[in-house]
Every structure is written in structure tokens, then in C-alpha cells.
Undergrad: 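The following block contains the structure, expressed as C-alpha cells.
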Amino acid sequence: MRSIDLLDLLMTSKPGNSIESILQEERSFSPPSEIADSSSIGDLKIYQEMVAEAKSDPKAFWGKAALSELHWFEPFNNVLDWSNPPFARWFDGGKTNISFNCLDRHLSTSRADKDALVWEGEPGDVRRFTYRELHREVCRTANALKAIGVRKGDMVALYMPMVPEAAIAMLACARIGAPHSVVFGGFSAEALRDRLIDGEAKAVITADGGFRKDKAVPLKTAVDAAINNGACPSVESVLVVQRTKDPIDMQPGRDMWWHEVVSAQEDECLAEPMESEDRLFVLYTSGSTGKPKGVVHTTAGYNLWAHLTFKWIFDIREEDVYWCTADVGWITGHSYIVYGPLSNGATTVMYEGAPRPSNPGAFWELIQKHRITIFYTAPTAIRAFMKGGRSVPDTYDMSSLRLLGTVGEPINPEAWMWYREVIGGNRCPVVDTWWQTETGGVMISPLPGATPTKPGSATLPLPGIEADVVDSLGQSVKVNEGGYLVVREPWPGMMRTVHGDSKRFRESYWEYLKPIDGKNIYFAGDGARKDKDGYFWIMGRVDDVINVSGHRLGTMEIESALVSHQVVSEAAVVGRPDDLKGEGIVAFVTLESGTQFDDQLINELRAHVASEIGPIARPDEIRFSDALPKTRSGKIMRRILRALASGEEVAGDTSTLEDRSVLDKLRS
Ligand code: WT7
């Protein structure tokens with residue numbers, strides 16, 4: 001991991017929450033009585049009691065929650081084994097299955113014929129599944145997986161558009177104990193191949209394509225490009241959902257149509273009793289090195305955390321219609337489109353498309369049409385809507401909404417206020433939820449019936465979560481002083497390891513900070529402040545990860561992609577504040593001698609990054625230079641590049657620069 005220059009980073013202006021805006025922010029909103037009066041956590045005192053209970057006896061607190069919230073084939077005999085930190089074991093001895101918890105257990109209740117999944121395709125086609133129907137589809141798919149040779153413990157990769165089959169496939173994998181690895185459909189064939197190889201996927205589930213922004217986006221062709229000619233020897237079969245009906249190649253013996261295989265199966269498939277610590281899924285995310293990490297989550301702890309957090313944060317009620325706009329390719333889709341809502345017996349809405357010039361009000365239309373009550377989206381989307389003006393949302397009836405959430409990046413107070421006023425009609429609480437792929441579920445968030453909210457703050461840690469803001473020795477910093485965001489104690493939804501690299505897990509998360517008391521604390525990679533009320537204000541990443549429109553990208557991944565192009569000799573990538581996207585990507589590049597630098601090369605390099613990683617990683621700007629600013633020991637001084645990229649004065653000490661003329665050249 002590259003070293004982190006914390007103060008440098010906290011000093012460079014970040015989009016969203018600048019230090020000034022936090023210190024000046026004094027607005028506060030109490031939970032509305034309509035929510036508080038009927039919520040099980042309808043008062044800050046109840047929250048505080050839960051916090052105290054969890055603190056005084058964490059094992060009793062989590063053990064009680066696990067018994068009351070999940071179904072167990074066999075009860076656990078140990079709540080937490082933390083004898084070998086940071087490798088935690090939760091609920092050892094227990095047997096459970098998340099697919100059973102999301103489906104079967106609701107069938108004996110009045111929920112059996114309630115909508116579990118309501119899906120809307122971009123062209124406007126709608127499909128609904130009651131719990132009974134979803135159970136049948138998942139069972140058939142689970143049988144289909146068995147029929148094509150997938151066994152308990154085999155990794156199954158999903159590379160899917162936002163269609164119901166994506167959720168069905170996840171639940172089917174979980175049902176038979178085959179860990180899934182969902183790869184976001186916007187990643188390139190190259191990125192898919194890396195993830196298939198790292199996870200040794202035995203099967204791939206994909207589709208011919210999906211509809212997004214009025215276009216048919218192909219997927220199967222990328223799967224072919226990733227695995228053809230023996231590039232991924234572990235992959236034995238490919239199951240293809242028919243969505244766009246565009247022509248694709250089907251390789252006999254390897255590729256099969258979903259509708260042909262699944263429809264031939266029995267309607268019943270018993271859920272496999274899984275050990276608590278059996279792997280449920282691997283999900284790749286970007287870190288400080290070039291190679292994405294496979295974050296490992298296991299069965300019971302993840303299930304409990306997705307379930308409890310969904311229940312607490314969205315104050316879920318039987319009649320709610322809940323919609324999260326994320327993609328199932330990200331952790332938000334895993335925890336808050338699929339597992340959290342279904343484990344709670346809620347109605348979850350899934351949308352294939354996105355707002356687009358032909359329908360900028362697509363989201364509001366969906367809220368009006370399906371009478372959505374809870375809406376969960378990203379600050380980037382809110383900022384884009386804000387720019388489009390309130391006249392678009394104002395033409396829709398959104399009176400069904402009672403609760404709004406945001407996730408993925410810091411939300412600036414103006415966007416928060418706009419969301420509350422224009423979308424929430426000043427009556428819906430806004431919950432700003434801070435968490436990560438690694439945490440499995442939300443960690444810091446208001447509880448809508450209990451926590452007074454402040455625009456731009458994720459407010460307080462959930463019960464049982466020992467979050468803090470510390471210095472590099474693990475000591476709590478003073479009120480409003482910036483520091484590292486950490487978690488001091490294990491929690492059920494925590495990642496268990498990095499797939500195939502436990503050393504990296506230990507070093508990058510649990511040993512990065514060196515507390516004087518020798519204890520391991522979890523370092524999230526974010527900077528934060530805590531105000532006088534103990535409220536957390538997240539400042540953004542302090543490592544080499546940037547957040548572009550809520551998508552997490554490693555600057556080193558983009559650098560590796562750039563230097564893999566033959567004319568690039570060196571590259572350094574930094575983020576720069578962007579009003580809409582949160583951060584934009586700026587690349588500084590030196591070229592092999594004799595290379596002609598022009599607009600055509602810029603376009604070529606941008607396209608090259610898109611094909612190596614995916615369009616989300618395409619640099620907004622590429623600057624060429626003869627040399628990069630380095631220290632005498634050869635370290636690139638990113639602080640200088642960040643300042644240059646955002647058009648700021650290069651502040652601070654530059655005396656360690658090896659060649660000061662580089663700076664002048666870069667400036668000009
Ligand atoms: C990073 C994790 C968690 C699901 C989506 C992203 C940033 C996330 C917030 C928030 C400020 C946030 C952090 C974090 N982040 N939520 N409410 N306020 N920043 O998951 O891809 O694993 O990214 O997203 O920087 O570390 P992810």
C-alpha cells in the first residue's frame with residue numbers, strides 16, 4: 001500500500017464536505033412524528049439503550065439478534081471467536097441458509113402471496129414475483145445449476161444486466177452453497193477475465209445484453225472475449241438469459257440458454273444447510289494497488305447484518321414498497337436490493353434502466369407508478385437531478401414516499417437539502433448511510449424515527465458498531481479535528497478475508513494503523529471528523545482510491561491500464577473535485593521517446609483504459625509531460641499533481657522534489 005498523506009488529503013478541497021461547510025452547518029431536523037410514533041426505534045433514548053446494551057455485552061447482543069432474526073437449521077454454540085484477529089468466526093456450529101431466510105420462511109406466513117420482487121425494464125415491461133413465485137424460480141434455477149454440474153463450494157460468476165434473473169441467480173447459488181462472484185456489467189472483458197481467473201469460476205451466468213439509456217448493451221460478447229481460447233480454463237459452462245434478442249454466438253457444449261435449462265427443472269430444491277462461516281460470495285473492489293481485491297463474505301454474519309441494518313435504517317413496514325437504484329454488481333445491490341429486503345419479507349423494486357435524455361423523469365415516473373415508499377440512491381444522481389431543475393420531478397406525484405436514503409459518497413449539504421425538499425416534500429427523513437463493500441452493510445446512519453439529521457452528516461454509528469476518528473496511533477482525535485475513520489471491534493457483517501490473499505487483508509485493513517495499545521483496529525480508508533454531538537462527517541478517501549459517481553476506482557489500476565499501452569512510459573492518476581461526479585479522473589502521462597502527442601493519442605489512451613477496465617474508469621483529462629514530480633527516492637508527489645489537476649496553488653513543502661523544473665513545466 002502506498003503511504004497516506006493524511007493531512008495533505010484533508011487539506012485539499014474534497015467535493016461534498018469541505019471543512020468550512022461542516023463547521024458552518026447548523027441545520028438540524030428532528031424525526032417526523034409520523035415516523036417516530038410507529039417505529040420500533042422511535043426515540044433517540046431507545047437507540048442509546050441499544051448502543052449501551054451492545055457495548056456492555058456484545059456477544060449477548062449479537063447472539064440474541066441472530067436467534068430472533070434468522071432461521072437456523074442448527075443453532076450456533078459460539079457467537080464470536082476473535083481469538084485470532086483479524087480473522088473472525090461468527091456463529092460457529094450453526095447451520096443456516098440465506099436463500100431459505102429470504103424465501104422459504106415467508107411462505108408459511110401471510111407474505112407468501114405478497115410481491116417480493118417488482119421489476120421494470122427500461123422499455124417499460126414489468127414483471128412481478130410473489131414470494132411463492134420467486135421461491136419457485138429460485139428452486140428451478142438452483143436445480144439448473146446442479147444439472148450443469150455446479151456443486152457446493154464451486155464459484156459461479158454473474159455478469160448480468162439488471163433483470164430479475166440476476167437476483168434469482170444469486171439466491172439460487174446461495175441455495176446450493178455455491179459462492180457467487182457478481183461482476184458489474186459495465187466492466188470490460190479484460191476486467192471480467194481477471195475476476196474469473198482469480199475466483200476460479202466454474203460457471204458464468206450472463207445475458208445476451210440489457211437495455212440502458214435507450215441502447216441495447218451487449219454482455220455475452222464480452223464473456224466470449226474473456227474466456228474463449230482457453231483464457232479461463234476453470235469455466236465449464238455459460239448460462240445465457242435472453243433479454244435483448246440480439247444475435248450472439250453460442251458455443252455448443254459450453255453455452256446454454258437459461259430459459260431452456262431452467263424451464264426443464266423441478267419446482268422444489270431444498271436449501272442446503274450451510275455452516276455459518278461457509279462462503280456466501282466474493283465481490284471485487286478497488287484498493288490501493290493495481291489488483292482489485294476479492295472481498296469475502298460468509299453466510300450467517302452477512303445475512304444478519306444485511307437483515308438487521310435494512311430493518312433498522314429503513315424502519316421497514318409490511319406495506320412498504322422499497323426501491324434502491326443501485327446495480328446488483330455492487331455491494332449496495334447485494335445487501336439492499338436482494339438480501340436485506342428479501343430477508344425482511346419486504347417488496348423490493350428493481351429497475352433495468354437509468355434516467356436519460358428521452359426520459360429525465362424516469363425515476364420519478366417509477367416512484368409514481370409503483371407507489372414507492374422508500375427510495376435509496378446516490379448523491380451523484382441527486383446532484384444531476386438538481387442541475388436539471390425541479391420542474392422535472394415536480395410534474396410527478398411522489399406523495400407515496402415516506403423515507404429517503406443516500407449512499408456511496410459524501411453528500412454536500414445543498415444536495416441533501418434539495419433531496420429533502422424537492423423529492424421528499426420536506427416530510428421524509430433523509431438517511432445518509434456510510435459503509436463499504438468490506439463492511440457488508442451500513443455502519444453509520446441515522447435511524448429515521450430516532451436520530452435528528454444534519455445535512456451532509458451520516459450522523460451516528462449503528463448499535464454495536466464502535467466507529468471512531470483517530471490519528472495514526474489509534475488515538476481518538478479532538479472534536480472537529482480530521483483523522484482516520486476506524487472501527488474498533490468486530491461486527492457480524494465484516495469481510496472475512498481477501499480471496500486468496502489473507503496477508504493483504506491483514507495488512508491493508510487491520511495493521512495499517514499502529515495503535516500504541518497494540519490492538520487491531522479496522523481502517524476503512526476514509527478520512528472523517530466528529531462534531532460536538534458525536535456526529536460523523538465523512539471527508540472521502542485518504543488512500544489512492546477515488547470515487548467517481550459513487551463508483552470506487554483505484555488510481556493504480558488506471559495507471560496500470562495506461563502503462564500497458566505501448567507508448568506510455570509512466571503514468572500517475574489523481575482525482576479532482578467534480579460538481580456532478582464527486583471526483584473526476586486526471587492522468588499525468590510521460591511517453592516513450594519519439595512519440596507524437598496529440599488529440600488522437602488522448603482519445604486512444606482514454607479508449608484503452610475503457611477497454612482494460614470499463615467506461616467508468618475513462619480519464620476525464622490526460623496531460624502529457626516529460627517527467628513526473630518525484631522525490632529523491634523516486635516517489636511520485638501526488639499532492640502536487642492533485643493541486644495541479646484541480647487548478648489550485650501548489651501549497652506546502654516542495655523542497656523534497658528531485659527536479660524543481662518539472663513543477664514549472666507542469667504548471668505551464
Ligand atoms: C466507499 C466505499 C457502500 C456502498 C457503496 C460504495 C464511500 C460510501 C458513503 C457516505 C461518504 C461514502 C467511502 C467508502 N462512501 N458511503 N454515505 N458518505 N462516503 O461501496 O464501492 O465499497 O465504496 O464509498 O469512501 O469508503 P464501495
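For ligands, and for the atoms within them, numbers begin at 1 and follow the listed sequence.
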Undergrad: Would you indicate which of Glu409, Met539, Arg541 comes nearest to atom 12 (C) of ligand 1 when only heavy atoms are counted?
TA: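 Selected option, by shortest heavy-atom distance: Glu409.
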Undergrad: Nearest protein heavy-atom contact for atom 23 (O) of ligand 1: which residue, which atom, what distance?
TA: Arg552 CD, 3.4 Å
Undergrad: Can you list the ligand 1 atoms lying under 4.0 Å from a non-hydrogen atom of Asn547?
TA: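 That gives atoms 7 (C), 24 (O) of ligand 1.
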Undergrad: Can a salt bridge be assigned to the pair Asp620 and Lys581 using a cut-off of 4.0 Å between side-chain N and carboxylate O?
TA: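 Answer for the salt bridge query: yes.
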Undergrad: Among all protein heavy atoms in this structure, tell me which lies nearest to atom 4 (C) of ligand 1, with the distance rounded to 0.1 Å.
TA: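 The closest heavy atom on the protein side is Thr332 OG1, 3.1 Å.
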Undergrad: At a non-hydrogen distance cut-off of under 4.0 Å, which region of Ile331 contacts ligand 1 (side chain, backbone, both, or neither)?
TA: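 It is the side chain that touches ligand 1; the backbone stays farther off.
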Undergrad: For the rings on Phe187 and Tyr159, is their centre-to-centre separation under 6.0 Å?
TA: no
Undergrad: Would you say that Glu612 contacts Val609 through its side chain, given a criterion of any heavy-atom pair below 4.5 Å between the two side chains?
TA: no
Undergrad: In terms of residue, atom name and distance, what is the protein heavy atom nearest to atom 13 (C) of ligand 1?
TA: Asp526 OD2, 3.1 Å
Undergrad: Suppose we measure from atom 22 (O) of ligand 1 to each protein heavy atom; which comes out shortest, and what is that distance?
TA: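 Looking at atom 22 (O) of ligand 1, the protein heavy atom closest to it is Thr437 OG1, 2.5 Å.
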Undergrad: Tell me if the centroids of the rings in Trp510 and Phe523 come within less than 6.0 Å of each other.
TA: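 Judged by ring-centre distance (under 6.0 Å), Trp510 and Phe523 do not meet the cut-off.
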Undergrad: Would you say NZ of Lys514 has more than 12 non-hydrogen atoms from neighbouring residues, nucleotides or ligands within 6.0 angstrom?
TA: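 Atom NZ in Lys514 is packed in, count exceeds 12.
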Undergrad: Does ligand 1 have an atom that lies less than 4.0 angstrom from a heavy atom of Gly525?
TA: no
Undergrad: So, do Trp323 and Phe363 have ring centers that fall under 6.0 Å from each other?
TA: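 Yes; Phe363 has its ring centre under 6.0 Å from that of Trp323.
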Undergrad: Checking a contact table here: which protein heavy atom is nearest atom 3 (C) of ligand 1, and how many Å away?
TA: Trp435 O, 3.1 Å
Undergrad: Is there a heavy atom of Pro410 sitting under 4.0 angstrom from any atom of ligand 1?
TA: yes
Undergrad: Side chains of Ser288 and Asp544: do they bring a donor and an acceptor to under 3.5 Å?
TA: no
Undergrad: Could you name the option among Gly540, Ala524, Gly440, Gly408 that has the heavy atom nearest to atom 6 (C) of ligand 1?
TA: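 Heavy atom nearest to atom 6 (C) of ligand 1 belongs to Gly408.
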Undergrad: Mind running side chain to side chain donor-acceptor pair (under 3.5 Å) on Glu438 and Thr285 for me, showing each step along the way?
TA: CA-CA 9 Å; Glu438 292 88 339; Thr285 191; 5.2 Å; no
